[in-house]
Amino acid sequence: MSYCVNPSCTQPKNPNNVQVCQSCGTPLRLNNRYQPLGILGKGGFGATFGAADLSLPGTPICVVKQLRPATDDPNVFKMAKELFEREASTLAQVGVHPQVPQLLDYFEQDQQFYLVQEYIKGHNLHQEIKKNGPLTEAGVKQFLSELLPILQFIHSQKVIHRDIKPANLIRSQKDKKLVLIDFGAVKNQVNSMVASNNSPQTAFTAFAVGTAGFAPPEQMAMRPVYASDIYAVGVTAVYLLTGRSPKDIGCDPDTGEIAWEPYVDISDSLSKVLKKMLEISVKHRYKSAEEVLDALAMAPYEEGMQHSMTTMITGFSSPTSSGKIGLSSGGRSQGEFSTGISRVSMNTEISAKQSHRRTPEATPISRIHTEVKQPRSIAATTPASAKGPTNWAANGGQGMAQSTKKRRGNTSESTTVETPTKWKTKTLLSAYQQGRRDFAQQKLENLDLHQANLPGISFYNSCLSRVNLESSELSRADFGRTSLTDFNGKNANFSEAYFGYADLTGADLRGANLYGANFKYANLTGANLCGADLSFAQITPAQLEAAKTNWRTVMPSGKKGFW
Ligand SMILES: Nc1ncnc2c1ncn2[C@@H]1O[C@H](COP(=O)(O)OP(=O)(O)OP(=O)(O)O)[C@@H](O)[C@H]1O
């Protein structure tokens with residue numbers, strides 16, 4: 001089929017072999033090269049088409065965005081054209097990032113402007129949530145650790161996206177990477193021009209500056225800043241956690257803030273980060289993607305410190321304000337990175353315990369820390385489909401190890417800990433195949449998992465010393481605080497995996513794909529990174545110094561053997 005790009009054509013569908021529209025006579029080839037096949041979306045500024053590039057072997061599919069300047073004034077048209085060209089070069093600049101569609105071409109035809117982009121095959125996050133249900137806390141953290149580095153990159157190129165929302169984030173079918181689409185820069189730039197010209201009829205039709213509910217107030221007032229994208233990422237994270245759009249959540253009538261907190265059941269640390277991302281005032285919001293990544297990386301430490309202080313003051317470990325129980329080591333609260341399902345079951349247990357326990361002298365602090373949040377019914381918020389095996393994040397509760405109660409020291413304080421399951425290669429692979437993704441706090445030493453296909457798995461705070469993961473698929477896996485000493489990760493795919501605070505002493509990562517991996521505060525002493533790909537990885541020169549690298553190692557800069 002050939003699709004007519006004339007917006008007023010009444011019969012845009014044409015047979016494949018015709019050159020001009022049978023209904024309105026508009027040429028069906030753009031720039032003598034692109035054959036529009038169908039419409040993907042339509043707005044006031046133009047439309048977006050899927051098209052075949054006839055000039056290339058195999059006629060690959062691409063995306064053609066049409067921009068219509070609604071003007072008869074030649075001066076304004078000239079200005080719009082200049083702006084379009086300038087913006088096309090900006091899009092070309094950000095399109096070098098592998099998680100942004102590449103700009104393939106741009107041209108003008110019949111007084112309309114066209115941008116040609118790489119076509120990203122896959123579902124967007126709006127579709128994924130509709131199909132599989134909301135994500136767990138771990139899933140949302142994973143999402144943030146994937147998206148924020150893209151934001152870091154585009155901001156470093158002095159570009160503000162202005163329309164971040166679930167529908168503009170496609171999970172690429174090819175490599176499962178998240179791709180940020182729809183840079184609204186062109187139409188918004190032109191809109192600003194229209195606004196400054198004070199002649200609303202002159203250029204492209206003036207349209208929304210982002211999407212209502214996702215865009216912050218300063219952007220709606222036509223004053224977007226980098227932090228405007230951070231706000232939109234925050235709203236997107238809330239959508240992923242709740243499955244609700246901002247319009248279905250509502251806002252605080254006094255402050256104008258989106259009132260999302262009653263709809264989620266997440267750790268205090270993530271809640272704090274989201275709150276700051278969603279600050280109405282730019283002054284109080286995170287200023288950069290890096291600040292958010294830092295806050296997320298520090299969050300477990302902060303909770304650990306808070307817990308230690310409680311222990312010092314009350315003399316024993318007690319539940320935190322969110323109902324989680326601290327570990328005796330003073331580390332992070334158990335279950336902090338677990339799925340919503342596992343956390344709910346743990347809270348239930350605490351609630352039951354609380355009624356039997358002798359409460360310590362009620363100092364204000366102990367009162368705060370023994371307050372237990374009512375567990376929310378997961379069934380009320382999670383659709384049945386979310387529990388099915390296709391949901392990669394919401395079903396971590398499946399096959400959870402049994403909970404037991406332990407007495408600690410002579411304090412008679414009891415807590416709930418998960419008894420580590422004795423995992424074998426077969427049981428772990430089969431649990432993963434059945435949909436389980438949460439393998440946090442497990443003992444998995446010496447397992448043979450070579451060539452395993454485990455994308456998105458969470459081994460948070462587990463022990464994987466000497467595990468064989470050679471040539472395995474572990475993109476986006478969570479190895480936060482995991483012990484990976486002397487493990488074999490040769491030629492494995494760890495793209496965008498999280499290794500924050502992990503111990504990788506003596507790890508073998510030769511030839512591994514570590515694209516975009518996050519090594520915040522990880523110990524890489526003696527780790528072998530020869531031939532590994534560290535493009536866009538978050539790793540410091542000191543960490544690289546402590547590890548082994550060679551001329552084949554692709555450094556975060558994208559260059560071989562150079563920092
Ligand atoms: N590079 C791309 N690869 C694959 N699909 C794309 C790409 N760019 C856009 N799309 C899809 O095309 C459709 C239309 O996109 P487009 O950005 O033109 O408009 P929109 O998102 O409907 O509106 P707006 O730009 O006002 O947000 C969307 O469904 C989007 O997912």
Side-chain angles (χ1 to χ4, degrees), residues 97-100 125 128 135-156 164 166 169-172 175-180 229-230 232-241 266-267 269-274 276-277 286 288-302 332 336-339 392-393 396 437-440 454-462 473-482 484 493-502 504 513-522 534-540 543 556:
H97 192 285
Q99 284 158 281
V100 171
L125 294 191
E128 280 198 359
L135 298 189
T136 58
E137 172 159 357
V140 167
K141 281 182 170 163
Q142 180 69 38
F143 156 77
L144 290 170
S145 73
E146 281 183 80
L147 178 57
L148 289 165
I150 311 178
L151 218 57
Q152 252 178 324
F153 171 76
I154 65 164
H155 290 175
S156 76
I164 294 175
L169 288 156
I170 301 181
R171 174 77 59 203
S172 162
D175 54 10
K176 301 281 170 278
K177 281 194 185 128
L178 203 61
V179 180
L180 178 58
D229 282 346
I230 306 258
V233 174
V235 184
T236 301
V238 168
Y239 174 81
L240 300 180
L241 277 171
I266 53 173
S267 66
S269 58
L270 180 59
S271 181
K272 206 170 129 192
V273 173
L274 288 180
K276 194 160 171 188
M277 292 175 83
Y286 293 112
S288 67
E290 190 159 20
E291 270 187 35
V292 187
L293 282 165
D294 280 349
L296 285 167
M298 284 311 290
Y301 271 161
E302 280 171 12
R332 71 190 252 285
E336 184 201 317
F337 277 68
S338 303
T339 64
W392 58 272
R437 296 294 178 268
D438 187 351
F439 294 84
L454 304 165
I457 197 166
S458 171
F459 287 123
Y460 188 89
N461 210 11
S462 289
E473 166 55 55
L474 288 147
S475 50
R476 295 179 286 111
D478 183 354
F479 293 101
R481 292 182 186 270
T482 304
L484 288 158
N493 181 11
F494 296 105
S495 60
E496 299 187 11
Y498 178 74
F499 291 96
Y501 308 91
L504 291 131
N513 178 3
L514 295 161
Y515 171 94
N518 184 339
F519 289 98
K520 198 107 194 176
Y521 302 115
L534 289 160
S535 315
F536 293 103
Q538 289 190 46
I539 189 166
T540 64
Q543 284 173 311

> Does a side-chain heavy-atom distance below 4.5 Å link V273 with L144?
Replying inline: no
>> Side chains of I539 and L514, heavy atoms from C-beta outward: is any pair under 4.5 Å?
In response: no
> Got a donor-acceptor contact below 3.5 angstrom from the T482 side chain to the G480 backbone?
Replying inline: yes
>> Within the 4.5 Å heavy-atom criterion, are S267 and E137 side-chain neighbours or not?
In response: yes
> How far apart are the C-alpha atoms of F143 and T236, what are their side-chain angles, what is the distance that settles it, and do they pass the side-chain contact (heavy atoms from CB on, under 4.5 Å) test?
Replying inline: CA-CA 10 Å; F143 156 77; T236 301; 3.7 Å; yes
>> side-chain contact (heavy atoms from CB on, under 4.5 Å), that's the test. Do L270 and L296 meet it? Break it down for me.
In response: CA-CA 7 Å; L270 180 59; L296 285 167; 3.9 Å; yes
>> On a heavy-atom basis, which atom in I230 and which in M277 lie closest, and how many Å separate them?
In response: O-CE, 3.6 Å
> How long is the span from the CG atom in L474 to the CG atom in N513, to the nearest 0.5 Å?
Replying inline: 11.0 Å
> Within the distance-only criterion (no hydrogens, no angle test), does the side chain of S462 pair as donor or acceptor with the backbone N or O of F439 below 3.5 angstrom?
Replying inline: yes
>> One pair to check against side-chain contact (heavy atoms from CB on, under 4.5 Å): T136 and D438. What are the steps and the verdict?
In response: CA-CA 10 Å; T136 58; D438 187 351; over 6 Å; no
> What's the spacing between Y286 OH and L148 CG if we round to 0.5 Å?
Replying inline: 10.5 Å
> Is there a donor-acceptor pair closer than 3.5 Å between any side-chain N or O of E473 and the backbone N or O of P455?
Replying inline: no
> Say you draw a straight line from CG of L178 to CG of L169; how long is it, rounded to the nearest 0.5 Å?
Replying inline: 5.0 Å
>> Students often mix this up, so state it plainly: with edges at 30° and 60°, are the rings of F499 and F519 parallel, tilted or perpendicular?
In response: parallel
>> Is there a salt bridge (charged side-chain N to carboxylate O under 4.0 Å, His left out) between E496 and K176? Walk through the geometry before answering.
In response: CA-CA 11 Å; E496 299 187 11; K176 301 281 170 278; over 6 Å; no
> Which atom names give the shortest non-hydrogen contact between F479 and A502, and what distance separates them?
Replying inline: O-CB, 3.4 Å
> Rounded to the nearest 0.5 Å, what separation is found between the OG atom of S475 and the CG atom of L454?
Replying inline: 10.0 Å
> Quick one: are L147 and Q99 in side-chain contact, heavy atoms under 4.5 Å?
Replying inline: no
> Can a cation-pi geometry be assigned to K177 and Y515, taking NZ or CZ under 6.0 Å from the six-membered ring centre and within 45° of the ring axis?
Replying inline: yes
> Any sub-3.5 Å donor-acceptor pair from Y501's side-chain atoms to A297's backbone N or O?
Replying inline: yes
> Ignoring hydrogens and geometry, is there a side-chain-to-backbone donor-acceptor pair from E146 to R476 under 3.5 Å?
Replying inline: no
> To the nearest 0.5 Å, what is the distance between NZ (K141) and OH (Y460)?
Replying inline: 7.0 Å
> Roughly how far, to the nearest 0.5 Å, is the CG atom of L241 from the CD1 atom of I266?
Replying inline: 5.5 Å
> So, for S145 and L293, which heavy atoms are closest and what is the spacing to 0.1 Å?
Replying inline: CA-CD2, 4.3 Å
> Are the side chains of D229 and I154 in touch, meaning some heavy atoms are under 4.5 Å apart?
Replying inline: yes
